[in-house]
Amino acid sequence: MSAASNPRDMLRKIRDVMATRTESSQRLNQLVSVIADHMKAKVCSVYLRLPDDHMELWATRGLAPEAVHKTRLAPNEGLVGEVARTMVPLHVKNAQTHSSFSFHPETKEQDYISFLGVPILRARRVLGVLVVQDSQERLFAQDAVEALQNVAMVLAEVVASGELLSSEELNAVHVSSRNSMAIDGFTIVDGLAMGRAVLFEPSVVEGSRIAEDPDYELSRIELALEELQSTLDRLFEGKGHAFGEPTREVMNAYRMFARDQSWLEKLQESVSAGLTAEAAVERVRGEYRHRLLSARDPYLRERLHDLEDLASRLLRHLGGADIAAELPDNTILVARNIGPAELLELDRSKLRGLVLEEGSRTSHAAIVASAMRLPVVGGLSGLLAAVTEADTILVDAETGSVRIRPAEETRASFNERLRVRQQRRAAFSKLRDKPTISRDGQRVELLLNAGLQIDLPQLDATGADGIGLFRTEFQFMLAQHLPKQSQLIEFYGEVLQTAGKKPVIFRTLDLGGDKVLPYVAQEREANPAMGWRAIRMAMDRPGMFRYQLRALIHAASGKTLRVMFPLVSTVAEYDRAKSLLEQEMTRLARFGHSDLPEKLEIGCMVETPSMVWQLDQLLPKADFISVGANDLLQYFFAADRENIRVSQRYDPLSHGALAMFQHIINTAEKHSTDVSICGEIASNREDVIILLALGFRQLSVPASAIGPLKQLILSLDIKKAEQELLEWLSESSPDIRKNLLRFSKTENLAL
Ligand code: PEP
Ligand code: MG
């Protein structure tokens, strides 16, 4: 078949058809005629997806008109089903010999041999399939395939916006409806919030996708590309310092798309073909997304994030907005996922909540969000397809769900819950000065997990006993360059100053994994969680490690400096880190520094299973240990804490994990070594009953957990919980959670 006639003409005609005020079915019929004519094809049909995922023939030129609204294909049935499933164009010379071909006699399509189907996609959902067919066995030219994809893109918007179909028809089609809807996920950071949706990865969902003036659109896209390029250049400026060479690989990968000729050409082609600049970005993003997702090479698949990021930046340039700089008030940020550094870039004063299609409870973004006291719900499947910019969203991070475009009554009852929550908070703050002593008289220390400036006032506000874990990497992640040592000294000094007599445990840099600095060379690894991170990096780059140790030593002048090391796997590793710290102290003393810490306490995080089995060797050398349960459990269960498919899969209160915790506590008691636990498990009230029953007496948790935990512990008889637990564990297959619930009820505990 010959190529389509000028694609710009086709889009112009489509716009004209849409501008007419005829009935929607007539307009759809006109549309398929325009497309068939321009594609020089005998048949053009539109199939739309029904709520039950069947594909219904909605309009046709060329097939039997009686088949319209009659022919329905089951999910995955036929070539149309194949297009819907794979979300990519399907182009076959002879459809009838294709293995997926499915014949519906009422369509009378036996005369049509060749087939080209493209998905009608919107926000990564298939709304339908646009098909052209012809009577001869031949293939359409590549530019015709592209042109049909552009049309499908316009059609998607038309279908979803209700321009074309009546409201009843629209309701029948499975598109993001404008009605209120709820999605269930899981709580990442507890809380409630109401606000307006801001899409972190903007997509073009409003307005026409057909350009009024293609030349103007071309100049817009060129300008936006230039701006993007210079933003990227600025972003990567100022490298070369003590952290090592800036990571050329990351920079280059990032720029790969920005400079990739085929990406640029595709954008230009789509605009020349008559799409608006925004629609062109969306269209090309969709195409590359699919290509990268189906790539075998893991390196290429990883590039998806870069591509998404670049496309989003480009859309922002086109819209003239920078999401980080210009969040509106009461923002509920909507994203597939977000990294800790990206979150830190945002203006907290405008943010009310964060909702994620993916996300994980123990990811570092979750930790940052928790420090920001930002309610977060994750695991919301279908979120991105359902939300439109500026929709009202209720974030219910108590139950782990969201409500999109809530009805008035729902908002009112949500407001009531917000009020009750505030009252509860007020009740917690009344407990602030009460020591945490259980009903049976046992003292429990509630310590704070901190890492950001905004955490510091929480020490006083919550009445925490100290800082059990100060994560030091966030200062490094916030900056575009390595922070100056004077800045670090000042910041650590402020932390110690704020804490006064309360202890602070600084954890040395825990980088790697998902905590990557733009200015540090780091090789791409197949398995970053088990890769070159934390203490391993410090041991291989002692220059950077010492740089931080020196800042800590100076900051703690005349005070007690408590330091611990992350992700230690062997005692030898601990010995080496410890001796580097001691050497640094000795060296500074030798050079006549009189402003050294008065006392040094060195500890170790226990967050690899191997360390659990070396405690007898480690503990005589450590002043304290802290169980990093987030990592420890991820390695124990071999379940990536960042991977939503597995991160919630195993119960930390299952037998094996409890036996491990028991071993840690018993060994620490044997050596009379202080032991705290600082993973997210320590802030879950149910889990904490068990941790206390096992013998933990120091819990280090986010600020928001201090009040609720104190309330729980004041009402808990730990001895009784301990006896119960012993009994439960003696059962052959105990259901700890069920027993716990019963126990909490009879004991009237506040869970
Ligand atoms: C942990 O692993 O439990 C921990 C506290 O460290 P992080 O979450 O920072 O890895
Ligand atoms: Mg850890």
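Atoms within a ligand are numbered from 1 in the order they appear, just like the ligands themselves. No hydrogens, no waters, no symmetry mates; every other heavy atom, side chains included, goes into these values.
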Exercise. Would you say Thr560's side chain and Lys599's backbone share a donor-acceptor pair under 3.5 angstrom?
Worked result: no
For this session: Identify whether the distance between the nearest side-chain nitrogen and carboxylate oxygen of Asp640 and Arg645 falls below 4.0 Å.
Result: no
Exercise. What heavy-atom pair brings Leu658 and Leu653 nearest, and what distance separates the two atoms?
Worked result: CD1-O, 3.5 Å
Exercise. Which protein atoms of type N, O or S are found under 2.8 Å from the Mg ion (ligand 2)?
Worked result: Glu607 OE1, Asp631 OD2
For this session: Quick one: pull up CD1 in Ile713 and NZ in Lys434 and give me the separation to the nearest 0.5 Å.
Result: 13.5 Å
Exercise. At what distance, to the nearest 0.5 angstrom, does CZ of Phe506 lie from CZ of Arg471?
Worked result: 14.5 Å
For this session: For the residue pair Phe743 and Trp728, categorise the inter-ring angle as parallel (less than 30°), tilted (30 to 60°) or perpendicular (more than 60°).
Result: perpendicular
Tell me, yes or no, whether the heavy-atom count around [X] atom [atom1], taken from other residues, nucleotides or ligands under 6.0 Å, exceeds 12.
X	atom1	answer
Met539	CE	yes
Arg425	CZ	no
Glu490	CD	no

Problem set entry | Close residues, ligand 1: non-hydrogen atom nearer than 4.0 Å | His364, Ile367, Leu469, Arg471, Arg507, Asp510, Lys515, Met605, Glu607, Gly628, Ala629, Asn630, Asp631, Arg641, Cys678, Gly679
